[in-house]
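Presented below is the structure to which this report refers.
Atom set for the values below is all heavy atoms of this structure, side chains included, hydrogens, waters and symmetry mates excluded. Because the structure is a prediction, the values reported are computed rather than measured. Just so you know, ligand 1 is whichever comes first in the structure, and atom 1 is the first atom listed for that ligand.
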Amino acid sequence: MLKQFLPKEHFKSVLDISPQALKARGIKGIITDLDNTLVEWDRPSATPQLVKWFEEIKRNNILVTIVSNNNEERVKAFADPLGIPFIYQARKPLVRAFKQALLQMGIKKEEAVVIGDQLLTDVLGGNRSGFHTILVVPVAQTDGLATKFNRFVERRIMNWFRKKGMLQWED
Ligand SMILES: [Mg+2]
(Lines give C-alpha, C1' and ligand atoms only; values in the text may rest on other atoms or scores of the structure.)
Protein backbone atom coordinates (compact mmCIF):
# COMPACT_ATOMS: atom_id res chain seq x y z
CA MET A 1 0.00 0.00 0.00
CA LEU A 2 2.89 2.36 0.78
CA LYS A 3 4.13 1.74 -2.77
CA GLN A 4 1.49 4.25 -3.86
CA PHE A 5 3.72 6.89 -2.27
CA LEU A 6 6.88 5.84 -4.05
CA PRO A 7 7.99 8.19 -6.85
CA LYS A 8 9.35 6.69 -10.07
CA GLU A 9 12.30 9.11 -9.97
CA HIS A 10 13.68 11.74 -7.67
CA PHE A 11 15.80 14.82 -8.21
CA LYS A 12 17.28 17.48 -5.99
CA SER A 13 15.60 20.26 -7.98
CA VAL A 14 13.35 20.66 -11.02
CA LEU A 15 16.33 22.45 -12.58
CA ASP A 16 18.13 19.08 -12.60
CA ILE A 17 15.42 17.54 -14.76
CA SER A 18 16.70 17.72 -18.32
CA PRO A 19 14.14 18.91 -20.89
CA GLN A 20 16.13 17.14 -23.62
CA ALA A 21 16.02 13.88 -21.70
CA LEU A 22 12.26 14.19 -21.21
CA LYS A 23 11.78 14.83 -24.91
CA ALA A 24 14.00 11.90 -25.82
CA ARG A 25 11.73 9.72 -23.69
CA GLY A 26 8.68 10.87 -25.61
CA ILE A 27 7.37 13.21 -22.94
CA LYS A 28 5.08 15.91 -24.33
CA GLY A 29 3.72 17.47 -21.17
CA ILE A 30 4.59 18.25 -17.56
CA ILE A 31 2.08 18.47 -14.75
CA THR A 32 3.88 20.28 -11.97
CA ASP A 33 3.18 21.39 -8.44
CA LEU A 34 4.02 25.00 -7.52
CA ASP A 35 4.83 25.54 -3.83
CA ASN A 36 8.23 24.23 -2.76
CA THR A 37 8.54 22.42 -6.10
CA LEU A 38 9.16 25.33 -8.49
CA VAL A 39 9.91 28.01 -5.89
CA GLU A 40 9.63 28.49 -2.13
CA TRP A 41 6.00 28.43 -1.01
CA ASP A 42 6.25 32.10 0.00
CA ARG A 43 8.07 33.38 -3.10
CA PRO A 44 5.58 35.15 -5.41
CA SER A 45 7.29 34.63 -8.76
CA ALA A 46 9.77 32.52 -10.70
CA THR A 47 13.53 32.90 -10.30
CA PRO A 48 15.65 33.72 -13.39
CA GLN A 49 17.00 30.13 -13.41
CA LEU A 50 13.48 28.75 -13.41
CA VAL A 51 12.42 31.08 -16.22
CA LYS A 52 15.34 29.74 -18.26
CA TRP A 53 14.34 26.14 -17.47
CA PHE A 54 10.79 26.83 -18.68
CA GLU A 55 12.17 28.37 -21.88
CA GLU A 56 14.21 25.22 -22.44
CA ILE A 57 11.10 23.12 -21.83
CA LYS A 58 9.20 25.17 -24.39
CA ARG A 59 12.05 24.86 -26.92
CA ASN A 60 11.70 21.10 -26.64
CA ASN A 61 7.99 21.37 -27.47
CA ILE A 62 6.95 20.17 -24.05
CA LEU A 63 3.76 21.63 -22.57
CA VAL A 64 3.41 22.56 -18.91
CA THR A 65 0.41 22.83 -16.61
CA ILE A 66 0.79 23.96 -13.00
CA VAL A 67 -1.53 21.97 -10.77
CA SER A 68 -1.63 23.41 -7.25
CA ASN A 69 -3.71 22.94 -4.15
CA ASN A 70 -3.16 26.61 -3.35
CA ASN A 71 -5.69 29.37 -4.07
CA GLU A 72 -6.35 31.22 -7.32
CA GLU A 73 -4.64 34.44 -6.26
CA ARG A 74 -1.31 32.73 -5.50
CA VAL A 75 -1.25 30.41 -8.50
CA LYS A 76 -2.44 32.97 -11.05
CA ALA A 77 0.07 35.61 -9.89
CA PHE A 78 2.88 33.09 -10.38
CA ALA A 79 1.73 31.41 -13.60
CA ASP A 80 0.36 34.32 -15.65
CA PRO A 81 3.68 36.18 -16.13
CA LEU A 82 5.15 32.90 -17.43
CA GLY A 83 2.20 32.27 -19.72
CA ILE A 84 1.68 28.83 -18.19
CA PRO A 85 -1.82 27.35 -17.80
CA PHE A 86 -2.76 26.36 -14.27
CA ILE A 87 -5.32 24.60 -12.13
CA TYR A 88 -5.74 25.95 -8.60
CA GLN A 89 -7.40 24.34 -5.56
CA ALA A 90 -6.64 21.06 -7.28
CA ARG A 91 -7.37 18.90 -4.24
CA LYS A 92 -4.46 16.60 -4.87
CA PRO A 93 -4.21 13.64 -4.25
CA LEU A 94 -7.65 13.41 -5.89
CA VAL A 95 -7.27 12.45 -9.53
CA ARG A 96 -9.66 14.97 -11.10
CA ALA A 97 -7.17 17.84 -11.60
CA PHE A 98 -4.53 15.52 -13.07
CA LYS A 99 -7.04 14.27 -15.64
CA GLN A 100 -8.16 17.81 -16.39
CA ALA A 101 -4.56 18.92 -17.01
CA LEU A 102 -4.01 16.02 -19.38
CA LEU A 103 -7.18 16.85 -21.28
CA GLN A 104 -6.21 20.53 -21.57
CA MET A 105 -2.78 19.63 -22.95
CA GLY A 106 -4.32 17.12 -25.34
CA ILE A 107 -1.77 14.42 -24.61
CA LYS A 108 -1.84 10.86 -23.35
CA LYS A 109 -0.99 9.80 -19.81
CA GLU A 110 2.10 7.98 -21.07
CA GLU A 111 3.33 11.25 -22.60
CA ALA A 112 3.21 13.15 -19.30
CA VAL A 113 5.18 13.34 -16.07
CA VAL A 114 3.98 14.59 -12.71
CA ILE A 115 6.49 16.62 -10.68
CA GLY A 116 6.09 17.60 -7.04
CA ASP A 117 7.68 17.86 -3.61
CA GLN A 118 5.08 16.02 -1.54
CA LEU A 119 4.43 12.30 -1.26
CA LEU A 120 0.92 12.74 0.12
CA THR A 121 -0.40 15.00 -2.62
CA ASP A 122 1.78 15.05 -5.75
CA VAL A 123 3.23 11.55 -5.76
CA LEU A 124 0.17 9.77 -4.38
CA GLY A 125 -2.16 11.63 -6.74
CA GLY A 126 0.11 11.07 -9.73
CA ASN A 127 0.63 7.39 -9.01
CA ARG A 128 -3.07 6.83 -8.41
CA SER A 129 -3.80 8.33 -11.79
CA GLY A 130 -1.15 6.15 -13.41
CA PHE A 131 1.43 8.82 -14.20
CA HIS A 132 5.21 8.71 -14.15
CA THR A 133 5.93 10.61 -10.93
CA ILE A 134 9.04 12.65 -10.12
CA LEU A 135 9.74 13.81 -6.57
CA VAL A 136 11.96 16.81 -5.90
CA VAL A 137 13.47 18.02 -2.63
CA PRO A 138 11.34 20.90 -1.26
CA VAL A 139 12.88 24.25 -2.24
CA ALA A 140 12.40 25.57 1.30
CA GLN A 141 12.70 23.79 4.62
CA THR A 142 9.56 25.56 5.81
CA ASP A 143 5.96 24.97 4.72
CA GLY A 144 2.60 26.65 4.76
CA LEU A 145 0.32 25.62 7.60
CA ALA A 146 -1.69 23.16 5.49
CA THR A 147 1.44 21.21 4.61
CA LYS A 148 2.91 20.83 8.08
CA PHE A 149 0.90 17.77 9.07
CA ASN A 150 1.51 16.13 5.69
CA ARG A 151 5.24 16.52 6.24
CA PHE A 152 5.00 14.71 9.55
CA VAL A 153 3.36 11.71 7.88
CA GLU A 154 5.70 11.99 4.90
CA ARG A 155 8.81 11.74 7.09
CA ARG A 156 7.59 8.42 8.45
CA ILE A 157 6.90 7.05 4.96
CA MET A 158 10.30 8.29 3.76
CA ASN A 159 12.04 6.56 6.65
CA TRP A 160 10.29 3.33 5.76
CA PHE A 161 11.40 3.63 2.12
CA ARG A 162 14.95 4.38 3.22
CA LYS A 163 15.00 1.37 5.48
CA LYS A 164 13.85 -0.78 2.56
CA GLY A 165 16.48 0.83 0.35
CA MET A 166 13.80 2.14 -2.01
CA LEU A 167 14.77 5.80 -1.82
CA GLN A 168 18.16 7.40 -1.50
CA TRP A 169 18.61 11.09 -1.00
CA GLU A 170 22.04 12.61 -1.36
CA ASP A 171 21.61 14.86 1.64
MG1 LIG B 1 4.34 21.52 -2.97
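Residues Q89 and V75 have side chains not in contact (no heavy-atom distance under 4.5 Å, counting atoms from C-beta outward).
Panel note: side chain T37, backbone D117; a donor-acceptor pair is recorded below 3.5 Å.
Ion pairing between a basic and an acidic side chain is recognised when a charged N comes within 4.0 Å of a carboxylate O; R43 and D35 show no such pairing.
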Listing, residues 91-104 side-chain donor-acceptor contacts under 3.5 Å, not counting sequence neighbours, or none:
residue: K92; atom: NZ; partner: D33; partner atom: OD1; Å: 2.9
residue: K92; atom: NZ; partner: V67; partner atom: O; Å: 2.7
residue: K92; atom: NZ; partner: D122; partner atom: OD1; Å: 2.8

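When only modelled atom types and interatomic distance are considered, R162 and N159 share a side-chain donor-acceptor pair under 3.5 Å. For W41 and T142, the side-chain atoms include at least one donor-acceptor pair closer than 3.5 Å.
Within the protein, the N, O or S atoms lying under 2.8 Å from the Mg ion (ligand 1) are D33 OD2, D35 O, D117 OD1.
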